[in-house]
**Student:** 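Quick one: this structure, given as structure tokens, is what I'll be asking you about.
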Amino acid sequence: MSKTFYVTTPIYYVNDAPHIGHAYTTIAADVLARWHRQRGESVWFLTGTDEHGQKVLRSAQAGGSSPQEWADRLVAEAWQPTWRDLDISNDDFIRTTEERHTRRVQTFLQRLYDKGEIYEGVYEGPYCVACEEFKLPGELIEGEGRDAGQRLCPVHRRPVEQVSETNYFFRLSKYADQLLEHYAAHPEAVEPESARNEVVQFIRQGLQDLSISRSSFDWGVKVPWDDRQVVYVWFDALLNYITAVGYDASEPELREKFESTWPADVHLIGKDILRFHAVIWPAMLMAAGLPLPRKVFAHGWLLVSGEKMSKTRLTGIAPAQLTGYFGSDAFRYYILRAFPFGQDGSFSWEEMTARYTAELANGLGNLASRLTAMTERYRGGVIPSPGEPTEAEQRLGELAARVTTNADAAMEKLDFYGALAAIWELVVALNGYLTEQQPWQVAKRDDAASQQRLDAILYAAAEGLRVLAILLHPFMPRTCTTLWASVGGPEALGPLAAQPLAEAARWGRLPVGARVVKGEPLFPRLPDESPATGA
RNA sequence: GGCGGAGUAGCUCAGCCUGGUAGAGCAAGCGGCUCAUAAUCGCUGUGUCACGGGUUCAAAUCCCGUCUCCGCUACCA
């Protein structure tokens, strides 16, 4: 059985509703999954929600509901609708409160405990009595005046106490050398390079064992041998990548699923959760004797006005604010086209508007309108014979092939930006081709040679659009389905999703006689005034 | 404080490793075209390459220093 291409997003914390940062990761994962499906590979694309932990408990209490009700509502009313709106094609959606997950988390934990990878110890740290919780050393603030020399809780502005609690610890420290060896042998396992350097540097400093249970609250997976404690939420959350695909399943189909799916080919994450994925997670897998993920890719952040998005600064943008105005496909296109994937990108409404108009409406959309209008007008909406290709048509065919190869190579590197740049060469070339060949002039001449020439031009342009529909389908599924239909693809060649990338650029696949229809513009012109928004 | 990244055209950025007339896209201006969503195609300009030194025949590119911005510096997710 061949290995399934397995791509994941983080499971998102249901403390809050999704913003465009979550959408960025998820859209990238979706495009990657669709690209590999279009290659003809078996693909498994997983996303989901992380629902345990103190913050969810607190949010639920503040909202006057139980944590389970809180999570249920956010998942049903915020997260899943957002992914539906964005045409996210995940194959599964794991929630950490599902029994299939919690049961397997317990099994995993018990195995590590039995192997001596987990021991009972004492966690000591700064604790705020008012918050009733442990604080991170880094979030404390220096006291002034009366509290000079002391460190204060950032919420209550009062000194923290050193408090200790009995917890269970995972022997993370013993895996430092193995992790370093692994990354030396597999540099591709953490990308981009800057992220890998940070991880390696961090591990070199030495690792401490990790406290993986909590006893101060109970919203979590119970530690199987000690029900006074619940599992630390990250330890619980990371395991979703294996529990969702059948780790420790007894059913034969699920065992087979796990064997053919794990290890993950790509864990896509934001760079803020790099350490959990590139240090703790692989160490957990080493301890359990399971294979490590092939790649963790930490992408940059979408910044708004140069700052990380934040609710408190009112810079958090809900995806619906953008999709409602630009459409889901335009949003998917923009965030992958505007910024190299590994780097931070500065989101701006103005830039998105400019790209929408220049690249989608005037570029791709208008190109489709030109071809379909002329085919309807001059040939009654029927794809004519390709006739004798001249050098211009040959160049188009060669470009289509080269662009396909380049885009595929870029996608192999998770370079969505480069892939779109490559594909856009074909959009630009086709607009130039039509302008140079002037089919509207050729159409005015009645002689047979001119009419055959017109056929050839229209055919070549239609071929170009056929290739574009296939190459862009993973990025803009909705629009490309429309485009595919408008060049007669469905009847002539079958469903768009079934068009293999390897065949996409083979020139001349569109059969003579396919029905071309000029429909509504692919990307309608934006209204003059944009909706009021903080962006 | 330590480690790492960045500072190049109005905007977003490439170039820097492997020194040798400073580039792309967008925006702007001019021209062509009229099939198309007032769309498209061609042409044009623009720069103390953060600052100060140094190496060199020659530095955006190498070296030293300074300034500014950002990230990482472990158990919130």
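Here is how names work: the chains are called A, B, and so on, in the same order as the sequence lines, proteins then strands, and each is numbered from 1.
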**Student:** What residues, two or more places apart in sequence or in another chain, satisfy side-chain contact (heavy atoms from CB on, under 4.5 Å) together with Lys518(A)?
**Tutor:** Ser369(A), Thr372(A), Ala373(A), Glu376(A)

**Student:** Taking pairing as Watson-Crick or G-U wobble with both contacts under 3.5 Å, can you name the mate of C76(B), or confirm there isn't one?
**Tutor:** none

**Student:** Say you pick atom P in U12(B) and the same atom in U66(B); how far apart are they, in whole Å?
**Tutor:** 28 Å

**Student:** Side chain of Gln208(A), heavy atoms from C-beta onward: which of A74(B), A36(B), C33(B) has the nearest atom to it?
**Tutor:** A74(B)

**Student:** Just to confirm, is there a sub-4.0 Å distance from OP1 or OP2 of A74(B) to any side-chain nitrogen or oxygen of Gln205(A)?
**Tutor:** no

**Student:** Determine the Euclidean distance between corresponding P atoms of C63(B) and A6(B); express it in Å to zero decimal places.
**Tutor:** 13 Å

**Student:** Using a heavy-atom cut-off of under 4.0 Å over every strand shown, decide if Tyr378(A) touches base, sugar-phosphate, or nothing.
**Tutor:** sugar-phosphate

**Student:** Given side chains that start at C-beta, do those of His299(A) and Phe416(A) come closer than 4.5 Å, heavy atoms only?
**Tutor:** no

**Student:** With rounding to whole Å, what would you report as the distance between G31(B) and G19(B) at their C1' atoms?
**Tutor:** 40 Å

**Student:** Can you work out whether Met374(A) or Ile11(A) has the more 5'-proximal nearest nucleotide on RNA chain B?
**Tutor:** Met374(A)

**Student:** Looking at every strand, decide which applies to Leu522(A) at a 4.0 Å heavy-atom threshold: base, sugar-phosphate, or nothing.
**Tutor:** base

**Student:** Hunt down the Watson-Crick or G-U wobble partner of C51(B), both distances under 3.5 Å, from any strand shown, or write none.
**Tutor:** G65(B)

**Student:** Between Tyr168(A) and Tyr113(A), what is the ring plane arrangement, given parallel below 30°, perpendicular above 60°, and tilted in between?
**Tutor:** perpendicular

**Student:** Partner lookup for A14(B), please. Criteria are Watson-Crick or G-U wobble with both distances under 3.5 angstrom; report none if nothing qualifies.
**Tutor:** none

**Student:** With the threshold set at under 4.0 Å for non-hydrogen atoms, list the residues of residues 455-467 of chain A touching RNA chain B in residue-number order.
**Tutor:** none

**Student:** Strictly by side chain to side chain donor-acceptor pair (under 3.5 Å), give each pair with a member in residues 416-426 of chain A just once, sequence neighbours left out.
**Tutor:** none

**Student:** For RNA chain B, which residues in residues 358-367 of chain A have a heavy atom at a distance below 4.0 Å?
**Tutor:** Ala361(A), Asn362(A), Gly365(A), Asn366(A)

**Student:** Would you indicate what Gln441(A) reaches in the nucleic acid, counting non-hydrogen atoms under 4.0 angstrom: base, sugar-phosphate, or nothing?
**Tutor:** sugar-phosphate

**Student:** Scan residues 194-214 of chain A for pairs that pass salt bridge (Lys or Arg N to Asp or Glu O under 4.0 Å), counting only residues two or more places apart or in two chains.
**Tutor:** none

**Student:** Distance between the C1' atoms of A60(B) and A14(B), in whole angstroms?
**Tutor:** 12 Å

**Student:** Taking a pair as Watson-Crick or G-U wobble with both distances under 3.5 Å, which nucleotide is matched to C57(B)?
**Tutor:** G20(B)

**Student:** Please state how far atom CZ in Arg204(A) lies from atom P in U73(B), giving the value in whole angstrom units.
**Tutor:** 17 Å

**Student:** Quick check: on RNA chain B, is the nucleotide nearest Leu207(A) upstream (toward 5') of the one nearest Lys444(A), or the reverse? Name the residue that is more 5'.
**Tutor:** Lys444(A)

**Student:** I want to check one thing: is the phosphate of U73(B), taken as OP1 and OP2, less than 4.0 Å away from some side-chain N or O of Arg275(A)?
**Tutor:** yes

**Student:** When you get a sec, tell me which of C75(B), A36(B), U40(B) is the closest nucleotide to the side chain of Ser211(A)?
**Tutor:** C75(B)

**Student:** What is the distance from CD1 of Ile203(A) to C1' of C72(B), rounded to the nearest Å?
**Tutor:** 13 Å

**Student:** Give the rounded distance in Å between these two atoms: CD of Glu350(A) and P of A27(B).
**Tutor:** 14 Å

**Student:** Got a sec, which residues hit side chain to side chain donor-acceptor pair (under 3.5 Å) with Lys174(A), two or more places apart in sequence or on another chain?
**Tutor:** Glu117(A)

**Student:** My understanding is that only residues two or more places apart in sequence, or in another chain, count here; which of them pass side chain to side chain donor-acceptor pair (under 3.5 Å) with Asp236(A)?
**Tutor:** His52(A), His101(A)

**Student:** Any base atoms under 4.0 Å from Phe276(A), or only sugar-phosphate, or nothing? Heavy atoms, all strands.
**Tutor:** base

**Student:** Can you pull out every salt bridge (Lys or Arg N to Asp or Glu O under 4.0 Å) where at least one residue sits in residues 331-340 of chain A? Sequence neighbours excluded, please.
**Tutor:** Asp30(A)-Arg332(A)

**Student:** If I pick the C1' atom on C43(B) and the same atom on C33(B), what distance separates them, to the nearest angstrom?
**Tutor:** 15 Å

**Student:** Could you list the residues that satisfy side chain to side chain donor-acceptor pair (under 3.5 Å) with His267(A), not counting sequence neighbours?
**Tutor:** Thr8(A), Trp281(A)

**Student:** Sequence neighbours excluded and cut-off under 3.5 Å, please list the side-chain donor-acceptor pairs for residues 426-433 of chain A, or say none.
**Tutor:**
residue   : atom : partner   : partner atom : Å
Asn431(A) : OD1  : Arg370(A) : NH1          : 2.8
Asn431(A) : ND2  : Gly363(A) : O            : 3.3
Tyr433(A) : OH   : Glu393(A) : OE2          : 2.4

**Student:** Mind listing the N/O atom pairs, protein and nucleotides 3-12 of chain B, below 3.5 Å?
**Tutor:**
residue : atom : partner   : partner atom : Å
C3(B)   : O2'  : Gln201(A) : OE1          : 3.4
C3(B)   : O2'  : Gln201(A) : NE2          : 3.2

**Student:** From G71(B), C35(B), C76(B), pick the nucleotide closest to the side chain of Ala373(A)?
**Tutor:** C35(B)

**Student:** Could you walk me through whether Tyr12(A) and Thr26(A) pass side-chain hydrogen bond (donor to acceptor under 3.5 Å, both in side chains), step by step?
**Tutor:** CA-CA 10 Å; Tyr12(A) 301 107; Thr26(A) 308; 2.6 Å; yes

**Student:** With sugar-phosphate meaning primed atoms plus P, OP1 and OP2, does Phe202(A) contact a base, only sugar-phosphate, or nothing at under 4.0 Å between heavy atoms?
**Tutor:** base

**Student:** Distance-only criterion, 3.5 Å: show the donor-acceptor pairs between side-chain atoms of residues 437-444 of chain A and protein atoms not counting sequence neighbours.
**Tutor:**
residue   : atom : partner   : partner atom : Å
Gln437(A) : OE1  : Arg453(A) : NH2          : 2.9

**Student:** Between Tyr232(A) and Phe170(A), does the ring pair (Phe, Tyr, Trp, His ring centres under 6.0 Å) criterion hold? Intermediate values first, please.
**Tutor:** CA-CA 11 Å; Tyr232(A) 169 48; Phe170(A) 168 53; over 10 Å; no

**Student:** Counting heavy atoms from C-beta on, name the nucleotide in U37(B), C33(B), C26(B) closest to the side chain of Gln438(A).
**Tutor:** C33(B)

**Student:** So which atom in Ile94(A) and which in Ile11(A) form the shortest heavy-atom distance, rounded to 0.1 Å?
**Tutor:** CG2-CG2, 3.7 Å

**Student:** Could you tell me how far G23(B) sits from U56(B) if I compare only their C1' atoms? Round to whole Å.
**Tutor:** 25 Å

**Student:** Taking only side-chain nitrogens and oxygens of Lys518(A), does any of them come within less than 4.0 Å of OP1 or OP2 of U37(B)?
**Tutor:** yes

**Student:** Rounded to whole Å, how long is the line connecting atom CG of Leu371(A) with atom C1' of A39(B)?
**Tutor:** 15 Å

**Student:** In whole Å, what separates the C1' atom of C62(B) from that of G20(B)?
**Tutor:** 14 Å

**Student:** Which nucleotide, if any, forms a Watson-Crick or G-U wobble pair with U40(B), using both distances under 3.5 Å?
**Tutor:** G32(B)

**Student:** In the structure shown, which nucleotide is the Watson-Crick or G-U wobble counterpart of C3(B), with both distances under 3.5 Å?
**Tutor:** G71(B)

**Student:** Say you pick atom C1' in C51(B) and the same atom in C69(B); how far apart are they, in whole Å?
**Tutor:** 15 Å

**Student:** Do Leu179(A) and Met286(A) have side chains that get closer than 4.5 Å, going by heavy atoms?
**Tutor:** yes

**Student:** Nearest to the side chain of Arg525(A) - C35(B), U37(B), C75(B)?
**Tutor:** U37(B)

**Student:** Between Asn431(A) (CG) and C33(B) (P), how many Å, whole number?
**Tutor:** 18 Å

**Student:** Using a heavy-atom cut-off of 4.0 Å across all strands, would you classify Gly206(A) as base, sugar-phosphate, or nothing?
**Tutor:** base

